[in-house]
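Data block below; observations after.
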Amino acid sequence: MSTEQTTTTTNFLRTIVSDDLASGKHQSVVTRFPPEPNGYLHIGHAKSIFLNFGLARDFGGRCHLRFDDTNPVKEEAEYIESIKESVRWLGFNWGEHLYHASEYFEQLYQWAEHLIRQGKAYVDDLSPEQIKEYRGTLTEPGKESPFRNRSFEENLDQFQRMRAGEFPDGAKVLRAKIDMASPNMNLRDPVMYRILHAVHPHVGDTWCIYPMYDFTHGQSDAIEGITHSICTLEFESHRPLYEWFLENLPVPAKPRQYEFARLNLSYTVMSKRKLQELVNTDLVNGWDDPRMPTIMGLKRRGFTSAAIRTFCERIGVGRSDAWIGYELLEECVRNDLNENAIRAMAVLHPVKLVIDNYEEDKTEFFEVANHPVKHELGTRKILFSREVMIDADDFMEHPSKGFHRLTVGGEVKLKYAFVIKCTGMVKDEHGRIIELHADYDPGSTNGPVTSDGRKIKGVIHWVSASDAATVEVRLFDRLFSDPNPDRGGADYRQFLNPESLKTLLNCRVEPALLDAVPGQSFQFERLGYFCADEKDSQPGKPVFNRVVTLRDTWGAKN
RNA sequence: AGGGGUGUGGCCAAGCGGUAAGGCACCGGAUUUUGAUUCCGGCAUCCCCAGGUUCGAAUCCUGGCACCCCUGCCA
């Protein structure tokens, strides 16, 4: 069972695909998800994955996973594996269609020579600084390079020698001969190839010249028969170039590029550069730190892939810059886990409560449901005894108005057990409450009602002091304290939330929780959803990550 | 006169000349051994602004305004 919606709201891309299929322009839709293996995938990529694979799935087409690996100095094999794992975990399958742009390098090279022969590409000896100078500015046209009009024979010879490794990095580039005065900067003789004596994570040292993104992407799409090449808005001004290469090359197909707005999520950063920096400077514990917006971070935190899919569905797809509140993501996991997570009781900040009128050595078991609605999830027995642990938050010496949990002289229901009345408290020399005393009402096991029929408002969770296990719980909060850490010129790191991780070493839980399997999620009643950490849990010694708290309308107002 | 985009309730988002879908948030109220869940009900006379065309416009035209992207041998 899943909470996923089966209805798919439409968007402009679905409309385009649907129209293209209806008009017969395409027999079937072929999309692709083209990550560069230079980091871990994040929630923004999930939007793209959901879009591309979702389109293919819903219109009976296919979606390729293609590594856009044209820059060996930034790419690593480790990232290739993490990307595959992320896509798979999100529930999508590329089947046989796994590709690498680097596998097209020979074809791309031949096409580059083709452009040279047509007089549409040339080898430029200008330095990077000079190229920048010659490019002009947004409001002024650029100047043509003095090498722009070499003969095609010379260009071909130069280019072949570039490939042969005769020149050092940066000595020369191959450029498309388009228009140095174009108002679109991307058309001012864009660089097609640069010299990079670097080992490539997929094709090793077979090349020392590497094609640029613009000279690779469209042709790769054409080779694979991609019908709809979907990318983010910042590539919009590259589209004329994408089309220029396809028009000037003998490619087997003419894919079309469409752009959509990338995801912006509040209270986090999404650029790979910044995520990489957080990892490298140990501001977080790796790419899969549970506070990271990476797919692997969310997974480890305890988000389910179904929740992420629901999130992607709900945020929609458009062309206007979208800012999504982090709360929506949280709401999506709550939805899934509320329906599917087994309940258990856990006390995060334990305070001992002694029930004075309960016989000293007596114990009893209560059989309770593992889920309040889905009874097919079974029941379990929990031990009750004279001493129980309750959460410090559930007692107030000086209750604020509206507080209906425990106070001295007040009554509260110990969930699934008895109504108790607090008779007193014991403080240590610092004035901290270390023990509470209470009397119980033996006839109050049936609901939050006393034996004389009075309804009790407060219901709190507890755990028997005698058999409760002690575990570590990690309370995570948003990584940044500002909704937009990227805002303004300020360094996003100044907005890091110092309280994004609180480690609690002395939490008391139902003993059965000791058998939690890594990755398993629970609802700790009245607190939130928690997941046994995949990495740090040991057999019999789980570490729990708080995925998200329960909604708390009372707490939110106080 | 650089070019390219975008502007629909707090946040997303349908709508494509016929009189403002949906989700989230929010506000009521019911149920509830989780102040959770669930459940009912409410929530834009108005679509960035100003003109114009039309019987009729968020949708067409004109002129403004705001925001985003583009000057990597990154993708």
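Order of the sequence lines sets the chain letters (A, B, ...), proteins ahead of strands, with each chain counted from 1. As a basis for the values below, the full set of heavy atoms in this structure was taken, side chains included, without hydrogen atoms, waters or symmetry mates. The structure presented is a predicted model; accordingly, all values stated were derived computationally and were not measured.
- Spacing between atom CG of Asp221(A) and atom C1' of rA75(B) amounts to 14 Å, rounded to whole angstrom units.
- Only the C1' atoms considered, rG9(B) is 15 Å distant from rG15(B), to the nearest whole Å.
- Note: CG (Leu241(A)) to C1' (rG4(B)) measures 14 Å, nearest angstrom.
- Not a single donor-acceptor contact under 3.5 angstrom links the side-chain atoms of Arg188(A) to the base of rU71(B).
- Rounded to whole Å, the distance from CG on Asn71(A) to P on rG72(B) is 16 Å.
- The C1' atoms of rU59(B) and rU19(B) are separated by 12 Å, rounded to the nearest whole Å.
- Residue contacts shown for Thr553(A) are limited to sugar-phosphate atoms, with no base heavy atom under 4.0 Å away.
- Here rU34(B) presents its C1' atom at 15 Å from CG of Asp393(A), a figure rounded to the nearest Å.
- The line from CG of Asn38(A) to OH of Tyr79(A) is 7.5 Å long, rounded to the nearest 0.5 Å.
- Using a 4.0 Å heavy-atom cutoff across all strands shown, Val449(A) reaches no nucleic acid atom at all.
- Taking 90° from 0 as the syn/anti boundary, the base of rG72(B) is oriented syn.
- Lys172(A) comes within 4.0 angstrom of nothing in the nucleic acid, heavy atoms only.
- Leu51(A) has its CG atom 17 Å from the P atom of rC12(B), to the nearest Å.
- Among the heavy atoms of the strands lying under 4.0 Å from Val173(A) is at least one base atom, whether or not backbone atoms are also near.
- Note on Phe366(A): nothing from the nucleic acid sits closer than 4.0 angstrom, heavy atoms only.
- Taking atom C1' on both rC47(B) and rC60(B), the two are 16 Å apart, rounded to the nearest angstrom.
- No engagement by Lys47(A) is indicated, since no non-hydrogen atom pair under 4.0 Å with the nucleic acid exists.
- If you check rC12(B), rA75(B), rG23(B) against the side chain of Phe235(A), the one that comes closest is rA75(B).
- Looking at heavy-atom distances under 4.0 Å, His404(A) makes contact with a base.
- Listed by chain and residue number, Phe215(A) satisfy the ring pair (Phe, Tyr, Trp, His ring centres under 6.0 Å) test with Phe245(A) (two or more places apart in sequence, or in another chain).
- The base of rU37(B) has none of its N or O atoms less than 3.5 Å from a complementary donor or acceptor on the side chain of Glu339(A).
- Within the 4.0 angstrom heavy-atom criterion, only backbone atoms of the sugar-phosphate kind lie near Asn11(A); the bases stay farther away.
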